[in-house]
> 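Input: one structure, supplied below.
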Amino acid sequence: MSDFGVPEPANLSDLSSESPVAETSVRLALPAEANEIGEIQVAAWRTAYAGLLPMDVLADLNPAQFAAQWRAALLAPGEARNRVMVALAGRTLVGFAAITPSDDPDADPRRDALIAELAVKPEATRAGHGSRLLNAVVDTIRADGFSRVTVWVNSTDDVLRAFYTEAGWAPDGAHRELDLYGDESVRIKQIRLHTDPGSAD
């Protein structure tokens with residue numbers, strides 16, 4: 001069994017049998033997929049932060065460093081409701097999401113969940129993977145007993161904001177500025193969106 005309570009193969013070759021594979025699917029991530037998750041995160045960040053961060057900073061993002069952090073989180077998730085989910089096209093991992101009890105100052109971690117990260121390979125966008133991943137995330141959050149879920153998005157990212165608002169999310173009035181270097185040389189404004197996971201009906 002994996003740390004998330006689901007059967008885990010000894011290695012990914014166990015997933016490569018001749019058995020039928022769904023065209024698209026979403027499931028909990030495996031520690032062995034940390035490298036792919038790191039690569040997707042870096043690719044997505046390079047797209048999302050283009051024009052906001054210096055090109056050399058984006059070029060220096062190291063997928064291996066991200067992968068090491070994801071591997072550690074998957075092997076020892078800590079809080080039981082910390083989860084990483086992946087979206088697949090066939091057997092190919094094309095996106096992931098990380099959810100956790102919210103640590104925002106005004107949040108109640110018993111009832112408020114946070115999507116800490118949701119990313120899809122840039123070349124795999126506009127294929128429904130993000131929507132399927134988001135739907136699965138909300139279903140999981142509901143099953144985990146949360147009554148509210150939030151996500152932070154860059155205030156200038158109209159595409160990402162539209163992705164959430166078209167799915168029924170809305171701004172809750174909270175906003176923040178990230179001081180990326182601690183010297184106020186690069187500040188990124190973000191707004192918070194929220195939704196009610198509701199019932200399964």
> Any heavy-atom pair between the side chains of Asp108 and Pro101 that's under 4.5 Å?
no
> Check the hydrophobic clustering (I, L, V, M, F, W, Y; side-chain heavy atoms under 4.5 Å; chains of links allowed) and say if Val42 and Ile37 are grouped together.
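Yes, because Val42 and Ile37 connect within a single hydrophobic cluster, where side-chain heavy atoms sit under 4.5 Å apart.
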> Which pairs with one or both residues in residues 100-133 pass ring pair (Phe, Tyr, Trp, His ring centres under 6.0 Å), sequence neighbours excluded?
none
> For the residue pair Ile40 and Ala119, what are the closest heavy atoms and their distance?
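That would be CG2-O, 4.0 Å.
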> Knowing that exactly one of Met85, Arg142, Arg83, Arg132 qualifies, which makes a side-chain contact (heavy atoms from CB on, under 4.5 Å) with Val137?
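Single side-chain contact (heavy atoms from CB on, under 4.5 Å) partner of Val137 among Met85, Arg142, Arg83, Arg132: Met85.
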> Checking the side chain of Arg27 only, and the main-chain atoms of Leu88 only, is there a donor and an acceptor separated by less than 3.5 Å?
no
> Given His194 and Arg148, is the side chain to side chain contact (heavy atoms under 4.5 Å, CB included) satisfied, shown in steps?
CA-CA 7 Å; His194 74 121; Arg148 182 171 181 263; 3.6 Å; yes
> According to a 4.5 Å side-chain heavy-atom criterion applied to Ile, Leu, Val, Met, Phe, Trp and Tyr, with indirect links allowed, do Leu114 and Phe146 form part of one hydrophobic cluster?
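Leu114 does not cluster with Phe146.
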> Let me confirm one number: the OG1-CD distance from Thr100 to Glu117, rounded to the nearest 0.5 Å.
13.0 Å
> What about Val149 and Leu160, same hydrophobic cluster or not, with Ile/Leu/Val/Met/Phe/Trp/Tyr joined at side-chain heavy-atom distances under 4.5 Å?
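Result: yes, single cluster for both.
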> Can you hop from Leu133 to Leu28 via hydrophobic side chains spaced under 4.5 Å?
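Yes, it is one cluster - the side chains of Leu133 and Leu28 are joined through contacts under 4.5 Å.
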> If you round to the nearest 0.5 Å, how far is CD1 of Ile99 from OG1 of Thr140?
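Result: 5.0 Å between the selected atoms.
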> Applying side chain to side chain contact (heavy atoms under 4.5 Å, CB included), run through Leu53 and Ile188 and close with a yes or a no.
CA-CA 9 Å; Leu53 294 180; Ile188 295 179; 4.3 Å; yes
> Measure the spacing between CG of Asp56 and CG of Leu61 and express it to the nearest 0.5 Å.
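If I round to the nearest 0.5 Å, the distance is 10.0 Å.
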> Compare all side-chain heavy atoms of Thr92 with those of Lys121 and state whether any distance is below 4.5 angstrom.
yes
> How far does CG of Asp172 sit from CG of Leu193, to the nearest 0.5 angstrom?
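Going from CG on Asp172 over to CG on Leu193, the span is 7.5 Å.
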> Looking only at heavy atoms, which two atoms of Thr150 and Ser102 are closest? And how far apart?
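Taking every non-hydrogen atom into account, OG1-OG, 4.4 Å.
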> So which atom in Leu74 and which in Ala29 form the shortest heavy-atom distance, rounded to 0.1 Å?
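What the structure gives for the nearest pair is CD2-CB, 3.9 Å.
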> May I have all residue pairs that pass ring pair (Phe, Tyr, Trp, His ring centres under 6.0 Å) and include part of residues 54-90, sequence neighbours excluded?
Trp45-Phe66, Trp70-Phe96
> Is any side-chain heavy atom of Val151 less than 4.5 Å from a side-chain heavy atom of Leu118?
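Not touching, per the 4.5 Å side-chain cut-off.
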> Please find the pair of heavy atoms, one from Ala127 and one from Ala124, that lie closest to each other, and give the distance.
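It is CB-O, 3.6 Å.
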> Applying side chain to side chain contact (heavy atoms under 4.5 Å, CB included) to Asn35 and Arg71, what does each step give before you reach the verdict?
CA-CA 8 Å; Asn35 287 343; Arg71 186 174 296 106; 2.7 Å; yes
> Indicate yes or no: at least one non-hydrogen side-chain atom of Phe163 is less than 4.5 angstrom from one of Leu134.
yes
> Would you say Asp104 and Asp112 make side-chain contact, with heavy atoms under 4.5 Å?
no
> Given 3.5 Å as the limit, does a donor-acceptor pair link the side chain of Glu33 with the main chain of Leu30, or not?
yes
> Could you tell me the separation between the CZ atom of Arg81 and the CD1 atom of Ile141, rounded to the nearest 0.5 Å?
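Answer rounded to 0.5 Å: 10.0 Å.
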> Would one find more than 12 heavy atoms of other residues, nucleotides or ligands at under 6.0 Å from atom CZ of Arg111?
yes
> Could you tell me which residues satisfy side-chain hydrogen bond (donor to acceptor under 3.5 Å, both in side chains) with Trp169, sequence neighbours excluded, listed by chain and number?
none
> Look up atom CZ in Arg46 and atom CE in Met55, then write down how far apart they are to the nearest 0.5 Å.
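It is 10.5 Å, given to the nearest 0.5 Å.
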> Are Arg176 and Leu178 packed together at the side-chain level, in the sense that at least one heavy-atom pair is separated by less than 4.5 angstrom?
yes
> Any chain of hydrophobic side-chain contacts (each under 4.5 Å) joining Tyr164 to Ile191?
yes
